[in-house]
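Input: a single structure, listed below in structure tokens.
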Amino acid sequence: MNIFDIVTAKEIASYYTALGQGQPPYLGQTLFPNSKQLGLDLSWIKGSKGLPAVLKPAAFDTKAALRDRVGFSKVETEMPFFKEGMLVKEKDRQELNKVMNSGNQSYIDMIVNKIFDDKMTLVEGAKAQAERMRMQLLSTGMIAISANGVALNYDYKMPAEHKGNAATVWSNLTESNPIADILGWMDKVEGDTGVRPVRATCTRKTWSYLLGNKAIKMDMNATSGDKIILTDSMLEQYLMAKIGLKVAINSKKFIDETGAQKNYFPDDTFTLFPEGNLGKTWFGTTPEESDLMSGTDAIVSIVETGIALTTIKHTDPVNVETKATMITLPSFERIDEVFIADVA
């Protein structure tokens, strides 16, 4: 057995699947679940306001009037391609060669797992890219990514009236009234679409404004509100009882293409959305999946619905290259039922 037998896309995919069991999904993946289609093109029907249009009356024995698809638009675009690879490090390959025939399986497993853990960063990077796009959509209604000389810009045409600002910045804990703001935004979406947003997301920093807000504390206890130290659970129960709202705190971070650490979801943004899925995270067919699945020099396995893991043999120098590729883009069919608020 040699390195080409051990470091294969199939083995890496199996390792990843076993490692990932039980790990909670990203918030965006629960709102925009993964789905697969052939090719690059992505299209979906975006409803306008979500309100039903009544059937027209007609006399008996007459032809039905043909209805135009008023209030609906077809959104079409091409999904972007992402690709990155890495080699087995020379030191790791030499370590593996030394112990292959030693019979020390625990040492062999340690070296192999170290190699596989390196490869996992490619899959995690692909997942992070998809989550970044979903959170950009949820916080701006657009996607904008620029790296390696490629600039991706997608405007999902969110209704301008479903973006707004707090009446008073929420960091002003004594003067702001977040509950009044939120109710106004909820009412606006429901008035326009007939659907009331009952969920929201924000970062820990934005959540802290609610925890420290004087109006909320006084509403919870008029006599000693200023002295209350709210906990997450206390505030969650209050928001559900007061306005029927459930908030997900999202302070997860990622490393971007420049090496900078960033939030998936920005501070000082509060996004309201309804129950259920908001769209889908669509994966297309990568060139590796289309053309290399039946090959021998390159081995391809698919993880996370549409991330293609490919291992390629190199004979000079002797090595194994692993790359992760994906073609992906979220759809946002329910964008009209969302409100994005700037609270700063």
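Only this structure's heavy atoms are used, side chains among them; waters, hydrogens and symmetry mates stay out.
A parallel orientation is assigned to the rings of Phe339 and Trp185, their planes being inclined by less than 30° (bins at 30° and 60°).
Judged as a side-chain hydrogen bond (donor to acceptor under 3.5 Å, both in side chains), and not counting sequence neighbours, the contacts of Thr206 are Thr203. Here Thr281 pairs with Arg134 under the side-chain hydrogen bond (donor to acceptor under 3.5 Å, both in side chains) rule; sequence neighbours left out.
A distance of 3.5 Å separates CG of Asp192 from NE2 of His162, quoted to the nearest 0.5 Å. Distance check, rounded to the nearest 0.5 Å: CE of Met218 to CD1 of Ile216 gives 13.0 Å. Here the CE atom belonging to Met326 is positioned 11.5 Å from the NZ atom belonging to Lys127, to the nearest 0.5 angstrom. If you take CG on Leu235 and NZ on Lys217, they are separated by 10.5 Å, rounding to the nearest 0.5 Å.
We find that Glu275 and Arg199 are joined by a salt bridge, their nearest charged nitrogen and carboxylate oxygen being less than 4.0 Å apart.
When all heavy atoms are compared, the tightest approach of Ala324 to Leu309 is CB-CD2, 4.3 Å. Lys36 approaches Gly284 most closely through the heavy-atom pair CE-O, 3.5 Å. Thr285 and Ile327 make their closest contact through O-CD1, 3.4 Å (heavy atoms, listed as atom of the first residue, atom of the second, distance). Listed here is the closest heavy atom pair of Thr30 and Pro33: O-CD, 4.3 Å. Across Cys202 and Phe270, no two heavy atoms sit closer than the pair CB-CD1, 3.8 Å. Scanning all heavy atoms of the two residues, the minimum distance from Gln136 to Ile143 falls at OE1-CA, 3.2 Å.
Between the Thr193 side chain and the Val195 main chain, a donor and an acceptor come within less than 3.5 Å of each other. In this structure, the side chain of Glu321 does not engage the main chain of Ile312 through any donor-acceptor pair within 3.5 Å. Judged by distance alone, with hydrogens and angles left aside, the side-chain atoms of Asn213 form a donor-acceptor pair with the main-chain N or O of Ser176 at under 3.5 Å. At distances below 3.5 Å, not a single donor-acceptor pair connects side-chain atoms of Lys253 with backbone N or O atoms of Gln261. Looking at Arg204, its side chain never comes within 3.5 Å of a backbone N or O of Ile249 through a donor-acceptor pair. The closest donor-acceptor contact from the side chain of Ser139 to the backbone of Pro266 lies at 3.5 Å or more, if one exists at all.
Under the 4.5 Å side-chain criterion, counting only non-hydrogen atoms from C-beta, Met133 is in contact with Leu329. Considering only heavy atoms from C-beta on, Met135 stays 4.5 Å or farther from Asn263 through its side chain. You'll find the side chain of Met220 reaches within 4.5 Å of the side chain of Leu230, heavy atoms only.
Thr174 and Asn172 are linked by a side-chain donor-acceptor pair at a separation below 3.5 angstrom, with hydrogens and angles left out of the test. Looking only at atom types and distance, the side chain of Asp268 has a donor-acceptor partner in the side chain of Tyr209 under 3.5 Å away.
When the options Thr201, Leu245, Val338 are evaluated for a side-chain contact (heavy atoms from CB on, under 4.5 Å) with Leu272, the one that passes is Leu245.
Counting heavy-atom neighbours within 6.0 Å of Lys163 NZ, excluding the residue itself, gives a total above 12.
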